[in-house]
Participant: 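Attaching a single structure in structure tokens format; questions to follow.
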Number of protein chains: 2
Amino acid sequence: MPILSKRESIISQALKLFYQHGFNATGIDRIIAEAGVAKKTLYNHFKSKDELILAVLRKRDELFRNKMMRETESLGKTPRDRLLSIFEAHHLWFQEPSFVGCMFINASAEFSAPEDPRHSICAEHKRLVREYIQDLAKQAGAENPEALSQQLNLLLEGAIVEAHVSGNKEAANQAKAMAKVFVNLAF
Amino acid sequence: MPILSKRESIISQALKLFYQHGFNATGIDRIIAEAGVAKKTLYNHFKSKDELILAVLRKRDELFRNKMMRETESLGKTPRDRLLSIFEAHHLWFQEPSFVGCMFINASAEFSAPEDPRHSICAEHKRLVREYIQDLAKQAGAENPEALSQQLNLLLEGAIVEAHVSGNKEAANQAKAMAKVFVNLAF
DNA sequence: ATCTATGTATACAGATCTGTATACTTAAAT
DNA sequence: ATTTAAGTATACAGATCTGTATACATAGAT
């Protein structure tokens with residue numbers, strides 16, 4: 001029994017390549033070469049490249065939110081602290097050498113039509129991140145958890161774009177300072 | 001003398017297609033068909049697709065910032081008003097049926113490497129937008145124009161992403177409400 | 001009027017893309 | 001032991017991609 005199933009190897013390698021080089025720029029041949037599988041194996045598990053892309057985006061959502069929530073909860077003790085430690089978790093992410101922005105923002109750039117299933121998954125991911133923040137805000141006892149989560153989420157998105165497009169690795173700290181203002185106003 | 005030179009036609013059509021469908025997904029053949037020119041004409045003006053992409057991004061920067069500054073200054077009377085009317089100008093942009101996010105964020109998604117010239121132009125565009133905000137902040141007499149422009153810029157970026165990825169067409173208004181807090185704190 | 005620059009139309013080279021087909025191998029289950 | 005499922009390796013079809021080549025047309029400037 002291998003550590004990773006063939007299917008998992010394909011998704012894992014495709015995730016790396018799609019994230020680093022983009023979706024349209026990454027060919028199937030490159031993916032199977034890096035994953036070390038035959039082309040037929042890939043098409044045995046996924047009936048098309050688009051299906052693989054959907055599977056990769058679902059995997060990324062799972063991995064990203066799990067890591068983000070784990071780090072946020074490790075960096076902040078109380079729910080209210082965690083409203084700010086989200087930004088610290090993002091700061092750590094921005095420092096990673098492989099950081100090239102948010103995969104879902106990037107995917108939305110290549111698949112712009114909102115009705116495209118590949119775009120819908122991106123919107124869904126963003127909704128789940130915002131709902132996590134809303135849960136924290138509710139636990140913290142904020143007066144309007146939805147409004148606060150909307151505000152903090154918008155700051156996070158701005159920081160991600162600043163960090164990637166402009167290479168501003170301090171964007172998360174700047175966003176955190178701004179977030180403090182809204183957290184303080186929310187109680 | 002035609003209304004648009006061949007070169008301008010090519011750039012104009014390429015801009016529409018690149019913006020709507022992405023850079024890698026848009027082929028040269030499609031561009032020349034829409035522009036109504038021969039392939040040799042395109043390669044007479046641009047020595048490669050990459051050069052055309054650079055020319056398109058420069059043109060987009062010019063058109064976008066001109067329009068944004070014009071609308072901002074039409075919607076706001078004083079420099080301080082204009083620090084907020086930027087968000088109104090963005091709101092109008094988000095309502096356009098053809099809106100599919102910021103072309104520079106989208107380009108950065110496809111050309112992730114920061115040293116890629118196509119990425120550099122995106123960073124440069126973002127710098128120029130932020131400098132415009134900084135100028136307004138300076139004219140308005142803000143205590144720390146650079147810090148304020150950094151804050152407002154981050155809010156704008158967040159709104160653009162929210163509007164495109166999540167389809168939240170009210171993102172600019174939400175960002176504007178947040179911006180008011182920082183503008184009020186800045187004097 | 002003739003030369004030059006610029007354009008059109010089209011074919012094509014060579015690479016790369018997605019997806020399928022073929023033939024062989026291997027390992028597990030009955 | 002034999003069947004079945006899943007994998008490998010490779011070739012290939014058919015489309016599309018960037019960029020070049022060829023042959024011809026046209027309009028302006030000298």
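Sequence lines set the chain letters: A, B, ... in the order given, protein chains first and strands last, and positions in each chain run from 1.
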Participant: Strictly below 4.0 Å, heavy-atom distances to any atom of DNA chain C: list the hits from residues 38-48 of chain A, or just say none.
Facilitator: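 Residues of residues 38-48 of chain A that come under 4.0 Å of DNA chain C are, in numerical order, A/Lys39, A/Lys40, A/Tyr43, A/Ser48.
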Participant: Using heavy-atom distances to pick each residue's nearest nucleotide on DNA chain D, tell me which of B/Gly27 and A/Ile32 is more 5'.
Facilitator: A/Ile32
Participant: Is it the case that the side chains of B/Glu162 and A/Asn153 hold a donor-acceptor pair, with the cut-off being a distance below 3.5 Å and no angle test?
Facilitator: yes
Participant: Check every nucleotide of DNA chain C for an atom under 4.0 Å from a heavy-atom of chain B, then give the first and the last such nucleotide from 5' to 3'.
Facilitator: C/dG7 to C/dA9
Participant: For atom NZ of B/Lys67, decide whether the heavy atoms of other residues, nucleotides or ligands shown that lie under 6.0 angstrom number more than 12.
Facilitator: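 Count not over threshold, so no.
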Participant: Are the ring centres of A/Phe87 and A/Phe94 closer than 6.0 Å?
Facilitator: no
Participant: Mind checking whether B/His164 and A/His119 have parallel, tilted or perpendicular rings, split at 30° and 60°?
Facilitator: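 Ring orientation of B/His164 relative to A/His119: perpendicular.
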Participant: Are B/Glu34 and B/Lys16 ion-paired here, with the side-chain N under 4.0 Å from a carboxylate O?
Facilitator: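 Judged by the 4.0 Å cut-off on N to carboxylate O distance, B/Glu34 and B/Lys16 do not form a salt bridge.
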Participant: Please report the shortest heavy-atom distance between B/Ile160 and B/Phe99, naming the atom on each side.
Facilitator: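 B/Ile160 and B/Phe99 have their closest heavy atoms at O-CZ, 4.1 Å.
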Participant: Any carboxylate oxygen within less than 4.0 angstrom of a Lys/Arg side-chain nitrogen, looking at A/Arg58 and A/Glu62?
Facilitator: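 The answer is no: the pair does not qualify as a salt bridge.
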Participant: Hey, quick one: are A/Met69 and A/Leu75 part of the same hydrophobic cluster, counting side-chain heavy atoms closer than 4.5 Å, chains of contacts allowed?
Facilitator: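 No: no chain of side-chain contacts under 4.5 Å links A/Met69 to A/Leu75.
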